[in-house]
Colleague: 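Please find one structure pasted underneath; my questions will follow.
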2 protein chains.
Amino acid sequence: MNTLFKALSHPVRRRIIAMLRAGPLASGDIAAAFDMSWPTITGHLNALKEAGLVSPERDGQTIRYRLEISAVEEAMAFLMDIAGAGSRADAPAPLKPQETPK
Amino acid sequence: MNTLFKALSHPVRRRIIAMLRAGPLASGDIAAAFDMSWPTITGHLNALKEAGLVSPERDGQTIRYRLEISAVEEAMAFLMDIAGAGSRADAPAPLKPQETPK
DNA sequence: TCCCTAATTAGGAGAACTGCTAATTACAAG
DNA sequence: CTTGTAATTAGCAGTTCTCCTAATTAGGGA
């Protein structure tokens, strides 16, 4: 959960995710879409991978990254949990604690 | 959008948001719920405020923070946009660009 | 084997983040 | 005005993030 939101907190990483909506892309194709060095993009891809947001698949020389919807849904679940209960004092039942930050 | 996800990326800030689901709370009451100094919590509240996730209201000496659902919904909209279009190659229509990171 | 392309890892500089203590502001009440 | 409580701002140390260039790994083809 922690790495998930941290991964989402950088504009370049969010844009990479948006690119992958249409389907898997090679690392190089992603890097080419940005005005940054390829190693920097690799770093962002690693952050996304660690968060479970993407997964790499090797195909010969190229490595293609696929978007993992389930991770996106996990983040969404957290937000729905909060948006669901308004700021009214008569909230129904706050649900389970669901997170216990150290 | 940027500050929004950045605000959500810290466990303490997410827990503060979760606390506010039930209704507004005073700064001191929030600080008391954590094992950290009050000024540190003030810092987190400022981050949440800048992201539009909470808004402060003064009432005498105390300052109460209220959760702003609309900001939560904004973040949710971004995620739905992505989860909506799967990783299938025949995606319908990627929607508007909606974000153009520098 | 040797070379080329695809991609990652290593290492480091500079900025941003996160926590603290001390000092300050804001309000209420005597 | 002075005192006390609520809360923020100021300033600083240590850590993490973000970007770069240089070096390295991995695979495909001559």
Side-chain angles (χ1 to χ4, degrees), chain A residues 1-20 23-67 75 99-102, chain B residues 1-20 23-67 75 99-102:
Chain A
M1 186 63 124
N2 228 310
T3 52
L4 216 189
F5 277 107
K6 193 156 287 187
L8 289 168
S9 79
H10 195 288
V12 166
R13 290 193 289 260
R14 285 198 302 277
R15 215 181 102 194
I16 290 175
I17 290 175
M19 289 173 65
L20 294 179
L25 284 177
S27 178
D29 289 340
I30 298 171
F34 292 87
D35 213 22
M36 326 178 79
S37 72
W38 192 340
T40 294
I41 297 300
T42 292
H44 285 304
L45 287 171
N46 280 339
L48 289 169
K49 183 174 60 179
E50 181 154 356
L53 277 162
V54 305
S55 57
E57 317 171 357
R58 171 143 242 150
D59 174 26
Q61 308 191 58
T62 83
I63 295 180
R64 244 182 301 280
Y65 283 85
R66 173 191 311 281
L67 178 60
E99 196 184 6
T100 308
K102 172 187 68 182
Chain B
M1 184 63 125
N2 229 307
T3 52
L4 216 190
F5 276 107
K6 192 156 286 185
L8 288 168
S9 79
H10 195 288
V12 166
R13 291 192 290 260
R14 285 199 301 277
R15 215 181 102 192
I16 290 175
I17 290 175
M19 289 174 66
L20 294 179
L25 283 177
S27 178
D29 289 340
I30 297 171
F34 292 86
D35 213 23
M36 327 179 80
S37 73
W38 192 340
T40 295
I41 297 300
T42 292
H44 285 304
L45 286 171
N46 280 339
L48 289 168
K49 183 174 61 180
E50 180 155 356
L53 278 162
V54 304
S55 58
E57 316 172 356
R58 171 143 241 151
D59 175 26
Q61 306 191 59
T62 83
I63 295 181
R64 243 183 302 280
Y65 282 86
R66 173 191 311 282
L67 178 60
E99 194 182 8
T100 308
K102 171 193 70 177

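As the structure is a prediction and not an experimental result, all values here were calculated from the model. A, B, ... follow the sequence lines: proteins, then strands. Residue 1 opens every chain. Computation of the quantities below employed the complete heavy-atom set of this structure, encompassing side-chain atoms and omitting hydrogens, waters and symmetry-equivalent molecules.
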Colleague: May I ask you to say what B:T62 touches in the nucleic acid, namely base, sugar-phosphate or nothing, with a heavy-atom cut-off under 4.0 Å?
Modeller: sugar-phosphate

Colleague: With the side chain of A:H10 defined as its heavy atoms from C-beta on, choose the nearest nucleotide among C:dA7, D:dT18, D:dT8.
Modeller: D:dT18

Colleague: Quick one, B:N2 and A:R14 - any side-chain contact, counting heavy atoms below 4.5 Å?
Modeller: yes

Colleague: What is the distance, to the nearest angstrom, from the CZ atom on A:R14 to the P atom on D:dT18?
Modeller: 11 Å

Colleague: Less than 4.0 angstrom between a side-chain N/O of B:S27 and OP1 or OP2 of D:dT8, yes or no?
Modeller: yes

Colleague: For DNA chain C, whose closest nucleotide is more 5', that of A:P39 or that of A:Q61?
Modeller: A:Q61

Colleague: Send over the distance from B:L45 CG to C:dG19 P, rounded to a whole Å.
Modeller: 13 Å

Colleague: Using side-chain contact (heavy atoms from CB on, under 4.5 Å) as the criterion, point out the one residue from A:T42, A:N46, A:T40 that pairs with A:H44.
Modeller: A:T40

Colleague: Between A:Y65 and C:dA6, is there a side-chain N or O to OP1/OP2 distance below 4.0 Å?
Modeller: no

Colleague: Would you mind telling me which of D:dC20, C:dT18, C:dT21 lies closest to the side-chain atoms of A:M36?
Modeller: D:dC20

Colleague: Are any of the side-chain heavy atoms of B:I16 and B:L25 separated by less than 4.5 Å?
Modeller: no

Colleague: Without decimals, in angstroms, what is the distance between A:D29 CG and C:dA7 C1'?
Modeller: 12 Å

Colleague: Start at the 5' end of DNA chain D and walk down; is the nucleotide closest to A:D59 or to B:T42 reached first?
Modeller: B:T42

Colleague: Kindly say if A:N46 contacts the phosphate of C:dA7, meaning a side-chain N or O under 4.0 Å from OP1 or OP2.
Modeller: no

Colleague: Starting at atom CD1 of B:I16, determine the distance to atom P of C:dT18, rounded to an integer number of angstrom.
Modeller: 12 Å

Colleague: Between D:dT25 atom C1' and A:I63 atom CD1, what is the distance in whole Å?
Modeller: 10 Å

Colleague: State, with a plain yes or no, whether a side-chain heavy atom of B:L20 is found less than 4.5 Å away from one of B:L53.
Modeller: no

Colleague: CG of A:L48 versus P of D:dC17: gap in Å, rounded?
Modeller: 14 Å

Colleague: Checking contacts here: which listed nucleotide (C:dA6, D:dT21, C:dT18) is nearest the side-chain heavy atoms of B:R13?
Modeller: C:dT18

Colleague: Is any side-chain heavy atom of A:M19 closer than 4.5 Å to a side-chain heavy atom of A:F34?
Modeller: yes

Colleague: Whether B:H44 contacts C:dC17 is assessed here as follows: a side-chain N or O lying under 4.0 Å from the phosphate OP1 or OP2. Is that the case?
Modeller: no

Colleague: By nearest nucleotide on DNA chain C, pick out whichever of A:K49 and A:K6 is the more 5' one.
Modeller: A:K49

Colleague: Using whole Å, what does the distance between atom P of nucleotide C:dA7 and atom CD1 of A:I30 come to?
Modeller: 9 Å

Colleague: D:dT18 phosphate, OP1 or OP2: any side-chain N/O from A:T40 under 4.0 angstrom?
Modeller: no

Colleague: Want to settle it: does A:D35 or A:R58 sit nearer the 5' end of DNA chain D, counting the closest nucleotide to each?
Modeller: A:D35

Colleague: Which part of the nucleic acid does A:A26 contact within heavy-atom distance under 4.0 Å: base, sugar-phosphate only, or nothing?
Modeller: sugar-phosphate

Colleague: In whole angstrom, give the distance that lies between atom CH2 of A:W38 and atom P of D:dT25.
Modeller: 18 Å

Colleague: With the side chain counted from C-beta on, respond yes when B:W38 and B:S27 share a heavy-atom pair under 4.5 Å apart, and no when they do not.
Modeller: yes

